Undergrad: 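This structure is in structure tokens; I'll ask about it shortly.
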Amino acid sequence: MTRTLRLVRRRLVGSVFVLLIVVVGSFLMLQAAPGDAVDAYVVSMGGDAGLVESLRHAWGLDQSAWTRLANYLWALLHLDLGWSVTFSRPIRDVVLERLPNTLLLMGSATALSFFLGSALGIVAGARPGSLRDRLLSTGSLALYAVPSFWLALVLVIVFAVDLRWLPIAGIETIASSKTGLARVTDIAWHLVLPISALGFIYLALYLRMMRAGMAEVWRQDFVLAARARGLPRRRIVLAHVARNALLPLVTMLGLQSAQMLGGSVVIESVFSVPGLGRLAQEAVAGRDTPLLLGIILVSAVTVVLINLAVDIAYALLDPRVGAGEVA
Amino acid sequence: MSAAQQAPLVALRGLTVAYGDDAPALSAIDLDIRAGERLALIGESGSGKSTLALAFADLLPASAKTAGTIEWEGTSPLGGRDIGFVFQNPAGSLDPVMAVGRQVAEVARTHLGLSWPDALARACDLFGRVGLPDPDTLVHAFPHQLSGGQKQRVALAAAIAARPKLLIADEATSALDTIVQAEIVALIRRLAAEDGMTLLFVSHDIALAAELADRIAVLRGGRLMELGPTRQVIGRPQNSYTRSLIAAHIGLDSPPLFAAANMSAPANG
Amino acid sequence: MRRRFLQTPEAVAGTAILVLLAAMALAAPLLFPGDPLRIAGPALTPPFQDWALPLGTDRLGRDVLAELFHGARTSLVVGLAAAAASLAVGAVIGTLAGFAGGLADEALMRLTDAFQTVPGFLLALAFVSIVGPSLSVVVAAIALSAWTGPARIARAEVLSIRERDFVAGARVVGMHPLEIAFREVLPNALPPVLALSSIIVAQAILIEAALSFLGLGDPNRVTWGGMVAEGRTVLRTAPFLSIVPGIALVVTVLGVYLAGEGAVEGAAVRKGLS
Amino acid sequence: MGKHLLTVESLSKRFHSGGRAVAAADALSFHIDAAETLALAGPSGSGKSTVARLLLRLIEPDAGSIAFEGDDWLALQGNALRARRARMQMVFQDPLAAFNPRATVARVLDDPLRIRRIAPRSERPARIAELLERVGLSPNLAGRTVHEVSGGQRQRVAIARAIATKPSLIVLDEAVSALDVSVRGKILELLADLQRTDGIAYLFISHDLGLVRAFAHRVAILDGGRLTEEGDARAVIDAPRSAVGKALVAATPRLHRLTGQDAS
């Protein structure tokens, strides 16, 4: 286990630098924005030049960019993300309120795409070049070419508008007083379409990776050796070929988490799911720069944590990771 | 030489193998392997010796076109149960992410119908037999934690796990250094003797083959050049190609081939 | 080489789709001159009713077929430009990191990590909303997150090729380090990076469509994503308006993938034969 | 300094892997004279290839000195080092890996002629043809890529590249071990020929004591980065004193051991 611990420690140290770059970079980018939170406030609330001046001073916006960056970093150390003008609430509270919905959506969509995708990938990769393989891989390519927002709309037209099987939007029935299991079921029911829209596209990615990985493993000597040892084909496919081909998929799981978070912006917007992605769109609409910065930062931290978990999982799956000590 | 009187374990008749549209890798090979013998198959690159080894174990790629027959004594054999196969590359022939003990145990499980615990116990015994140190610990090791020689011992343990009649070693020692090679050859010889296994030893090294085998088959360009008892093939080769192979061999017992070059060099030391 | 490239039916289909799209994009101003955003007929004309407007009109009475043709221009331009930009930036940064090693490598890789840690779409969203939507800004926004993949691959290739014997051989002959970099290492490191290009083009087209769908595309151009969003308001009565541009997107992206796979397979065949 | 073509003193190099330091070269000292072949033999992992890479400055040592043609070889840097590299060349084990996969035979041989300004552009095709003939190849091969020629031909091209700059020392790192026996003998003959005519010295790295005994004047046996035994090749191999030397000799297969014949 020291092997895994060493890896985690190294990743954590690297992550601190990465997050620092993210904070400074996105802060500088958002500084370049024409207009600031005060403008946004005045546009929505009204006010004169005097109010603008006093607000700028009160929010520290009259200081230099570097001073404000230092102030921002200092506040971050105290887990203070600033104040959202659009919501008139601390950004941390707004973001943390929305985060669980996005994590639920992302987690479910990831599970769907990873497990179903790799399973279908094994089916395709078990006999490379077979009709089954060609159908599955070309079909998955077509699926991978579908824009997620459009798939979402088509799902809405078919399952919500025409068939009326599933709810059109939202995360739960509005103004229902459901509690406990009934509420969980209600939320799950609402999330079926969003999860499918987000998950099916990445399913294609995992299917293709699994298939391509297996095609590569089939060519390796140890598979010929396994055949020479007379192992049943089923065991060769599952215990050797698929097992080895799975490793890059686990890496992809980490890389993909950032893309999934980005993809949830559109999906949450189509289905009106009150999550982080929709919040980002609201922040853009309201010119709420500090809120946007907070969302980017929280997303980055989420991605870092997911990657850490993925690294640990990978180290458990691949005995070679971090093992340079044996000659 | 009791082996000489026994019925052949395998009889090849007119075996021809071609990959794609290229010239055949093997042309009309007739060859008997006698039960209990140590037969060496030697040849240079492109001679078809590996193709022949793979053909015995039914491991040729699906794209290979074959003609001719391979007849076995009794029923048709099953890879792993009746034929053990050891490959050239010790690093490549083991699954990198499975503990080596399991890779041996799964063979025993498949062919001997053992439960996992029994199969793992058998793997442990086999590790001892192939001379791996501390078998109880090593069964849990992964291939990257072993040296090349140790990996080849694991591959041998997997090959003999189901007590096969025939052991095929396809250049099994050529990726190893001289000292380890000698150890593995000695081990193969011992295992074959202890279990009464027939041995097919495929090699490019004529001296190595001469030290190990009862009989030697010489291949060139997919054709069988010469086949006979080792003493005869090495001592009184009939075929001109065999003679040229022996002449080209540079060994410890060969005369210095470049005496002239050495003489003209300035004396020193 | 070309014959091998077109060997698989998938590659043929992909290439055919791309040729058709390019023709559409080029022919758009000729077949449908003038602003495709102008009103061409009565609003919400259903398709196949009026021969002047074969695919009907949208909520504002715009010619759907004209929009479709002009939208192909936007998609292809954004896809190609964003891919070219991210491949160039990624290849340069990855190659620099691979050659420099040490602290410079470490710094460049942490920068790459940072860009990979921020969800690309969120970054593009923020960038476009700050700078203001226009075609070049959308291209830059997409390239901002898409360069990390090529950078990582370029670096890994450079690092692995640097250790190969033929590079040692070039050093032994006394070749200058710059010549080694540009003549021995780079030509061998770039093909795997270029193999990514079809994926990047496809992803760029999809990201542009998503941005337009959220109303962050260039407002002066027709985009397929914008058309889908436009049709969304009349989803129940005229689903056709959202479905048609979506299909155009799917076909385009599929064409890019298929042609890309054909090219990669063709290259692999060539390698295998030699 | 200056007495020998190459003098190596106390050369050391450690590699770090997984927090452990492994000595690949441990205070090695040896020398090579002009037109002489010194063999480095030893089991795998004994540090033979590390020595080759240290001599060619492909990696830098932790300690020790190398004097080559009277100069402090380790002090050379940049342009000065690149210019002097002409005098010390190398032939690798795997000729396929040793050439740029995109290169043609002509380009492989053109590089040293161009870089070291040995011949102007117009004369180079003739010089390339000349080099090919010297290593026993047809000049028609020049237009082929290195993938299109056989393994033995490829190794001849590698030798042609090595001699293009008129070196005084060539490091042969297992240069014949991957070749078929029939090809191997001819390549060794070619090398011996070049030594006789051009006075080139060789550092012959090999795990095969049979080849060492037949080809080298002297042998140094390495084990774990240390030099365990050194001397006249035939004397050492016929009667090794070190444990590794004895083990290597005992492990080397003998063609006539069983048949009882003695070819010599």
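What you are looking at is a predicted structure, and each value in this text was computed from that prediction instead of being measured. Chain letters run A, B, ... following the sequence lines, proteins first, then strands; residues in each count from 1.
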Undergrad: Among A:V304, A:V284, A:V301, which residue forms the greatest number of heavy-atom pairs with chain C at distances under 4.5 Å?
TA: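 With the most close heavy-atom pairs to chain C, the winner is A:V284.
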Undergrad: Using a cut-off of under 4.5 Å on heavy-atom pairs, state which of A:S257, A:A258, A:S26 scores highest against chain C.
TA: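 So the answer, after comparing A:S257, A:A258, A:S26, is A:A258.
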Undergrad: Report, as yes or no, whether the 6.0 Å neighbourhood of atom OH on A:Y314 holds more than 12 heavy atoms from other residues, nucleotides or ligands.
TA: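 More than 12 within 6.0 Å, yes.
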Undergrad: Quick check for you: to the nearest 0.5 Å, what is the distance between A:Q259 atom CD and C:Q116 atom CD?
TA: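 Going from CD on A:Q259 over to CD on C:Q116, the span is 9.5 Å.
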Undergrad: Identify the heavy atoms of A:G262 and C:P119 that sit nearest to each other, and give their distance.
TA: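 Reported closest heavy-atom pair: N-CB, 3.7 Å.
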Undergrad: Contact part of C:Q203 toward chain A, heavy-atom cut-off under 4.5 Å: side chain, backbone, both or neither?
TA: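 Answer is side chain: those atoms of C:Q203 sit under 4.5 Å from chain A.
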Undergrad: Within a radius of less than 6.0 Å around CG of C:L103, do more than 12 heavy atoms belonging to other residues, nucleotides or ligands occur?
TA: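 Atom CG in C:L103 is not crowded, with 12 or fewer foreign heavy atoms closer than 6.0 Å.
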Undergrad: Which is it for C:L214 and A:S269 under the side chain to side chain contact (heavy atoms under 4.5 Å, CB included) test, yes or no, and what are the steps along the way?
TA: CA-CA 8 Å; C:L214 292 181; A:S269 141; 3.5 Å; yes
Undergrad: Applying a criterion of heavy atom separation less than 4.5 Å, what residues of residues 271-283 of chain A form contacts with chain C?
TA: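 Residues in range: A:A280, A:Q281.
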Undergrad: Working to the nearest 0.5 Å, report the span between CD1 of A:I21 and CZ of C:F115.
TA: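 Nearest 0.5 Å value for the CD1-CZ distance: 9.0 Å.
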Undergrad: Rounded to the nearest 0.5 Å, how far apart are CG of A:L141 and CD of C:E10?
TA: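 Reported to 0.5 Å precision, the distance equals 9.0 Å.
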Undergrad: To the nearest 0.5 angstrom, please state how far the CZ atom of A:R208 sits from the OH atom of C:Y257.
TA: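 The distance works out to 9.0 Å.
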Undergrad: Show the nearest heavy-atom pair for residues C:T117 and A:A300, with the distance to one decimal.
TA: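 Taking C:T117 first and A:A300 second, the nearest heavy atoms are CG2-O, 3.3 Å.
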Undergrad: Give, as side chain, backbone, both or neither, the part of C:I247 having an atom under 4.5 angstrom from any heavy atom of chain A.
TA: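 The answer is both parts of C:I247.
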Undergrad: Counting heavy-atom pairs under 4.5 Å with chain A, which one of C:G120, C:A210, C:P245 comes out on top?
TA: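 Most heavy-atom pairs under 4.5 Å with chain A: C:A210.
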Undergrad: Can you find a heavy atom in the side chain of A:Y144 that is under 4.5 Å from one in the side chain of C:V253?
TA: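 With C-beta onward as the side chain, the pair stays apart.
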Undergrad: Between A:I296 and C:A126, which heavy-atom pair has the shortest distance, and what is it?
TA: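 A:I296 and C:A126 have their closest heavy atoms at CD1-CB, 4.1 Å.
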Undergrad: How far does CZ of C:R110 sit from OG of A:S15, to the nearest 0.5 angstrom?
TA: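 Going from CZ on C:R110 over to OG on A:S15, the span is 8.5 Å.
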Undergrad: Determine, step by step, whether C:L249 and A:W150 satisfy the side chain to side chain contact (heavy atoms under 4.5 Å, CB included) criterion, reporting the C-alpha distance in whole Å, the side-chain angles of both residues, the deciding distance to 0.1 Å, and the verdict.
TA: CA-CA 9 Å; C:L249 274 168; A:W150 186 73; 5.8 Å; no
Undergrad: So which part of C:I207 gets closer than 4.5 Å to some heavy atom of chain A, the side chain, the backbone, both or neither?
TA: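 Neither part.
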Undergrad: Could you pull out all donor-acceptor pairs under 3.5 Å where a side-chain atom in residues 227-243 of chain C meets a protein atom, sequence neighbours excluded?
TA:
residue: C:E230; atom: OE2; partner: C:R59; partner atom: NE; Å: 3.2
residue: C:E230; atom: OE2; partner: C:R59; partner atom: NH2; Å: 2.7
residue: C:R232; atom: NH2; partner: A:V270; partner atom: O; Å: 3.1
residue: C:T233; atom: OG1; partner: C:R59; partner atom: NE; Å: 3.2
residue: C:T233; atom: OG1; partner: C:E230; partner atom: O; Å: 2.8
residue: C:T237; atom: OG1; partner: C:V234; partner atom: O; Å: 3.3
residue: C:S242; atom: OG; partner: C:V228; partner atom: O; Å: 2.9
residue: C:S242; atom: OG; partner: C:R232; partner atom: N; Å: 3.3

Undergrad: So which part of C:A209 gets closer than 4.5 Å to some heavy atom of chain A, the side chain, the backbone, both or neither?
TA: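 Contact with chain A is through both the backbone and side chain of C:A209.
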Undergrad: Could you give the distance from OG (A:S148) to CG (C:L206), rounded to the nearest 0.5 Å?
TA: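 Separation between the atoms: 8.0 Å.
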Undergrad: Over all heavy atoms of both residues, which pair between A:S299 and C:L122 is shortest? Give the atoms and the distance, please.
TA: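 Looks like OG-CD2, 3.4 Å.
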